[in-house]
Structure formats: C-alpha cells, structure tokens
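This one's a predicted model, so the numbers in the text were calculated from it and none came from an experiment.
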Amino acid sequence: MEAVNKYLQELRVAEQELRARKEDIEAQLQEQLRYVGGRSTTEVEVWLRTVQEVINKAQRVANEVSKGKYLSRLNVGKNVVQITREMKNLCAEGSSICSLVVHDAPSTDLTDIVSHSRARDEIYNYLLGQEVGMIGVWGVGGIGKTTIVRHVYNKLLKEDHFSKMIWITVSQSSDFHKLQNDIADTLSNDLLDDESTTVRPAKPILLILDGVWPNFSKDEIPKPSANKGCKIVLTTRERKVVQKMGCKEVQVPLLSYDEAFQLFLSKVGEDVLSADPTIQPIIKGMVKECGGLPLAIVTAAIAMKGVHDPRRWNDALIELKGRRDVLKTSYDNLSRREQDCFLHCVLYPKDYGIPKEEIIEYWIEEGLVDEMKSREEMKSEGHAYLQRILDSSLLLGTNGKNIVMMHDIVRDMALSFIEKWFLVKAGMKLNQLPNELEKALDIKKISLMDNFISEIPPQMSPKSTKLTTLLLSGNSLEVIPESFFSHMNALKYLDLSRNPIKSLPNSISNLKNLTSLLLSECENLEEMPSLSKLVDLKKLNLEKTRIKGVPQGMECLVKLWYLNLRFISRLEEIPKGLLPNLQGLQHLAIHPTLSRPEEIMELNKLETFEGRFADLQDLSKYVDFLWKQSKRTIKYSILVGKTVEYKLYSCNNHVTVKDCNTEGSRVLPWNVEEFGIEKCNDLSSLNGVSGLQEATLLRKCRIEECERLESVFSSRCPQLESLESLVLRHLKNLNVLVAYPEPVHAFSSLKVLFLVKCPKIKILFSTKLRLLQHLINLEQVIIWGCDQMEQIIEEEEEEEEEEEEEILSVAAEFNFPKLKELGLWHLPELKSICSTNGVMLCKSLQKLEIWNCPKLKRIPLKLDISFDNDKVFHHPPLKDIKMKSNEWKSIEWDHPEAKKALLPLVRIM
C-alpha cells in the first residue's frame, strides 16, 4: 500500500502543476484577448480541452481509489502512473505553445504613411538583427505607436523568427508581478539548453510592453539579449522612459504636412475635391489645425465625409480654429442618444477591451435604447449606435472582432465632459473607497470597477440623491454595511459582480427604483434578501453564485425581462408556478433541471432560452412546441440528462443529450444548428436520432462515449452535405465515418474534423466511398489516440495488373485546397498518410503536427521549394512543423531537399 500512496502523491503533484500551468495560460490568453484582440489559436484550444479531460480522469481515479473500488494494487499503480505521465507530458506541451492568439491587422490603416513605414521597418530590422535587444518606441499620444508595433507583431506572427511572442498592455495590468512571474517561467522553460536536441538552435522570445509609464522599473522585466533569449519592445509617450530603460530609440514623429493631407483625403474621399475645388484650401487649413496627429486627422476627415457644401466646411474650420479640438467636432456630429452611449463607455477602465454585446446590453438597461417589441430589435438598434460611434473614430474597432476600445486621448476628452456627473475610478488599483464618494452630491454615475477594494467603512454611504448607477464589480468586497445604500433611493443600476460577498444587506430590498441587479461570479454568495419590493427590476444576474434557493419575492418581479441562473450548482429546483408569473421574460438562462417544460412554453415573450431537461420526454414536448412556433423565433441552448455537464455554449440553437435512450423521442428541432450527444448507448449511427432528417440547418456535431456507435452515418441524410464541424471522441466501436456506398456530396461543407480516442477505426478516408473528391472545404484535421489507425487515405485497389502498373507510374494526387492544419497524435499503428504513389496537394497548409507515430515513415506533401546560391527555400504558407526529435530524423519527404528547406519551421516537442 506504501507504493500506491507514493503513486497517488505523484499524481497529486502532477495535477497541481498541470492546473497551475492551465491557469497561467488561461490568464495570459484572457489578457491578450482583452487588450490585444484576436482569437485563441486552435493549438491552445485543443490543449486546454485535453488538459481538462485528463484532470477529470485523474480525479475519478483518485476518488475510486479512496473508495476502494480497485480490486488489485497492480491496476491502481498502472492507472495512476499512466495518468501522471499524461499530465506531465501535457504540462511540458503547455510550455511549448508558441502563440496564444491569432490577430488580424489593426482597423486603422496607416500603412502608406512614409514616417510610419520607416518606423515599422526600423523596429522590424532591429528585432531580426543581432545588435539590439531592447527597443523603445516613443511619440506623443495619438501618433500611432501601438498601431505601428501591432503591424510588426502581426507580420512576425506569419513568420518564424521567435519561439513565443507575448503582448502586455502595461497601463492596464492590474497584477503585473504575476504576469512577470508567468513571463519568467516561460523564459526559463524555453531557454533550457537541451543538448539532445540538435535540430535547430533555440529562437528568442519577443516581449512587447505597450504603454509604459514613467515610474516603470527596468527591474520588473527580463534582461533582454541582442542575439538570443529575449527581445523587448516597449511603447511610451515620453522619451525619458526610453532613455532610462537603455533602449534603442525609435521615434514616431508627427506627420509631415503632405502625409497629413494625403491621410485626410484617403478618409474623407477624394471626390470631395472634384465636387467643389473651393473646398481644397479649407481642407488644407483643417489639416494644419490637426497638428500632424493621425488620430485627429482621421477623426476630422470622417466627420466631414459626404459633406460637399463649402459653407459647412468653412464652419467646421472656424470651429476647429476656435476650439483646436477635432475630437469634439466628431462628438458634436453624433446624435444626443449616440453621445450618451459613447460617454457611458468611459465607465470602463483605461485600455479596456469592451465586449460589444456587454456594452449594448448595458445601454439597454440604462434606457439609452428605446423599448421595442423585442430584445433583438433593441440589440439591433444598439449595434447601429455602436457602428456610428465607430465610424466617427471615437471608438476603435478590432476588424470585426467582438470588442471595442477607447483611445486614452478620446477617453480624457470624454471624462472632461462628464466630470460633474460621473465619478470614474475604474481600474486604478484602489484599496479603499475614494473620499469623493461622500462629498459628491450631484453625482449620477459611479464606476469603481476592477480595483482592490476589500472593505466599506461601517458608516460610509454616498450622499448623492441623484445617483442612478453604481459599478463595484471586480473588487474584493466580502461584506457591505447595512447603511451603505441608505441614501440611494434613485439607484437603478447596481453591479456587484466578481466580489467574494457572502451575503447582501437587507437595505437592498428598499431600492424600489432598481431596474438592474448584477451579482454574477459572486462565488461565495449564499443568501439573498427579499426582492418583493423591487417591482421595477428588469434584469437579474445570479450566474456562478452559491444560492440554494431562488430569492424570496421573485414572483413579484413581473417586469423582469432578463434572468440568468446559470452555473449555480447548489440551486436544485425552480419553485412550481414561478416562471409563468414572469410573463415579461425575454431572456432566460437557468441551471437547475426543469421538470415542467410547459412552464417555459407559457412565456410568450421569450426570445432566448438556455436550460436543462431531465429526459428526452420533456425535450420532446419542447421540440414539438418549437415546431409550432411559425410566427416567433426562439434561440435556445438545451441540455438533456441529469448527468450532463453544464458548459457555456453559444445560444446558436444548440442541443446536447447525455446518457439517454433516444428511441421513440423527438430529439432535434428543425432549426437546430449545433448538436452534441454523449453516452447514448442505444445508437449505432446518427441516423437513429429522431428529427435528424428535418434538421437541415445543422452545422456542428459532437459525439462522445456512445459505445454502440459503429458509424456516423449509416444511410443518406441532408446533413452529410451541410455539416461544417464534426467532433468524435471516445467511440470505442466506431470503425468508419460513412457506412453506405456512393455517399453523394458527403462532407462537401466540412471544415473541421476531430477524431479522438476511437480505437477501432483503421482508415479515415477511403477512395472506395468517393469521399475525397468532396472534401474541398476541409480546413482542420486532428486525429488523436486512435490505436488501430493505419491509413489516413486508403486508395482503392485495382484488380487488373496492367491497370495497376499504369496507375503506379503516375502519382495519385489528393487535393485539399483549404486545409490549414493537420495534426496526427499518438497513432502507434499509423503506417501511411496515403498510398505509396500518392501525394497531397495542400496549398493552404500552415501547421503540421506529428507526435508519437512510430511507424509513419513518409510525409506525402507536395512542397514548393526553390534554390538560390546554394540555399534552399520553402515558400509559404506552411510555417509551423511540430515533431519529436526522433520522428523528424526518421520521417522521409518526397523532395530530396525538403528537410533542409523546412528546418527553420520545425519545433521539437
């Protein structure tokens, strides 16, 4: 037993280390997504998902051991050692992840400005050279420093000069020391001298610090190196910061007059000159007033776009000269409602990535968007406001991504407009409430979000009787004094989210004008006061709290239109008859299993529903209801089964079924877009799912742990042609994707294919079924842990020897024109990707990963290789190859110079 305890201790240590690595990567990922934008890479998504699966498995084994469920110590040791090894491998893989996010180009296009191009080239050349380890980019606010560095960053992402690139917006890092520790860990892992790895020298790491302040210490960052280790780029407004840090200086100067004039014309449209030549001297005057600042020039130009009346141009110039504030002109050109929406964006911290959906929801709850028949109509109106603000350049977009940002110069202007009515101290690392809170008698909005405030003095209470909005989210409050809300009779919007509060004061019950109460992620909150007096309440968010029952008096909230009860594990049921009382509900998200689906059907205004049914009989009732709703559209995310894990799914008409008998029940609504099925052991293929034939909008499908499933499709159905994503995990009897001959246009829309832990399948694609000719849209293929997988593509055998000889003389080409990523992991029997004479045409392939495939000896990729002065080059798009050292050495490529050409792309894992 002593040996077993030793193994268990090693398991716990490995689990703790893996959890720590997972938390670090998730924190870095969220930091980069919030402040830099972009989207998470597939590599990090797969890694995080696999880590969670292995951790869950470790916990199950540990629990079973503690309960004495293993019959022999030998079985205990084998399982524990195997899982421990998996966790250690995953921890090592986590350290080798190159990029956490993928970026698009910045939304403000200043690429043609000569001075900016010069600065970009200078930074790029210093980074690739051997003489400079630390670069300081400086210039006045609004000159475009971040945009320039972002261009360089995005260019380097497409190349292979750095093993890892980290971007930190320094001015907003609330816990920079923790980030510094993460960076130090990353550096120490990546810079270890592995003497056994001789494939290529270690590449440096790039660290970008955006928005460095004057009192920033050089000791807080790693020591840069000119030719190895770490290179650093920082941006700052002040030259003395660059000099103090010992950087190579790169100044971003003000634009020359010619550059400024051309930039202005490119944004306002050159047609304005052809329409009336008399406008040209006015434009020249406006350009001079903008002082060479790109932000001011772009803002002024967009404000005048489409204006052809010389008098209006002249008025704008006079106004600009009198005020010398081009940003104010853009603000004045917004409607009053749009101005109010814009000003409410300053309630967020500086440099904050504001989620579009969140700010629009906030505008709705604040009454800045007129009430309409449906919430979707109001959201559409909110999006229109947001787009007009973006068009005015007062907010910065992120090329179609889901966040917007406010430039610090614009934010300073906005704060100057509302300083009498708004108190904004968001993200300022405050440890206590500011003194102004009690003294400000006319304040209407207070934002103290994202600070470190842990205590409210017992007698503290804002004295302003006009206060309507209070944002205290993201602090460290555990207790709120009873008297704190005593003077807040006008309060309408209260956000206490992300605080470790255990209970709320009863005085909240007296806030009779309250319309929004947000308590999400108050993960210690167990008790709520009565809500019976809050009859005007429209939005209640209790997501991720620990309440055991719904708050008292909820049946009185007849105006409630948004109710979020997600991820509340201790809340076991909703009282009978409560939901039908809430006839105004438009959005309902609910964690407890609903035993009465008919109560949901009585909500006539419901537009969005997220919830869980106990079984397929209840789902069938709701599906039948949805089939009859021809005059209204309801978006839904439905989980079925008592054991189904509650996850955060997008509300894109999603259904997940777990541990149910699907026979005889209608499972799928006609408009379902995403379908997941787990542990439904009565299915031999998806064709047995009732409603599948009619579900013509289905785009994503996930199947896990269905033991009897032998094929995905056993007969023809429309989804074979429309499916875009197929994820198959832990299917121990799956032996083929499609089990019927001549599948016409099968998988012709498929983009993503994941195949994980399916031990019986030997061949992925067979030419006998003629699937290959339809896979023209395939972008990502990941195959992981399929023990008997022998071939990815099996070529049909010819009976006649002459035909065979003729075919062998010509290489068979398999075309995957959109394939970007191919990952082959832990496939012990994989002998070939395609036939001996076959070759794969993958003109879009960017990433190739091969790990633990000992029998694979050939990569049949057709490569674009050229020669220049005895040097061998491989042409993009392939930019990343991951392999174990022994596999890189043993695997052959068709082109004799392939290894030499591809060597710079290889990362040994």
Working to the nearest 0.5 angstrom, can you tell me the gap between [X] [atom1] and [Y] [atom2]?
X	Y	atom1	atom2	value
Ile403	Glu357	CD1	CD	13.5 Å
Lys820	Lys751	NZ	NZ	9.0 Å
Leu863	Leu902	CG	CG	5.5 Å
Ile359	Ile389	CD1	CD1	8.5 Å
Ile418	Asp340	CD1	CG	11.5 Å
Leu368	Tyr385	CG	OH	8.5 Å

Donor on one side chain, acceptor on other, Lys356 and Asn402, under 3.5 Å:
no
Is the closest side-chain donor-acceptor distance between Thr235 and Lys145 under 3.5 Å?
no
Residues pairing under side chain to side chain donor-acceptor pair (under 3.5 Å) where one sits in residues 243-254, two or more places apart or in two chains, turn out to be Trp138-Glu249, Arg239-Glu249
Could you tell me whether Lys155 sits above the aromatic face of Tyr124, with NZ or CZ closer than 6.0 angstrom to the six-membered ring centre and within 45 degrees of the axis?
yes
Could Asp210 and Arg150 be called an ion pair, given the rule that one side-chain N must be under 4.0 Å from one carboxylate O?
no
Option from Glu366, Glu358, Glu365 for which side chain to side chain donor-acceptor pair (under 3.5 Å) with Tyr362 holds
Glu366
Mind running side chain to side chain donor-acceptor pair (under 3.5 Å) on Thr278 and Asp276 for me, showing each step along the way?
CA-CA 5 Å; Thr278 63; Asp276 191 337; 2.5 Å; yes
Would you please test Val307 and Met304 for side-chain contact (heavy atoms from CB on, under 4.5 Å) and show each step?
CA-CA 5 Å; Val307 176; Met304 300 305 294; 3.9 Å; yes
Would you say the ring centroid of His344 lies under 6.0 angstrom from that of Phe422?
yes
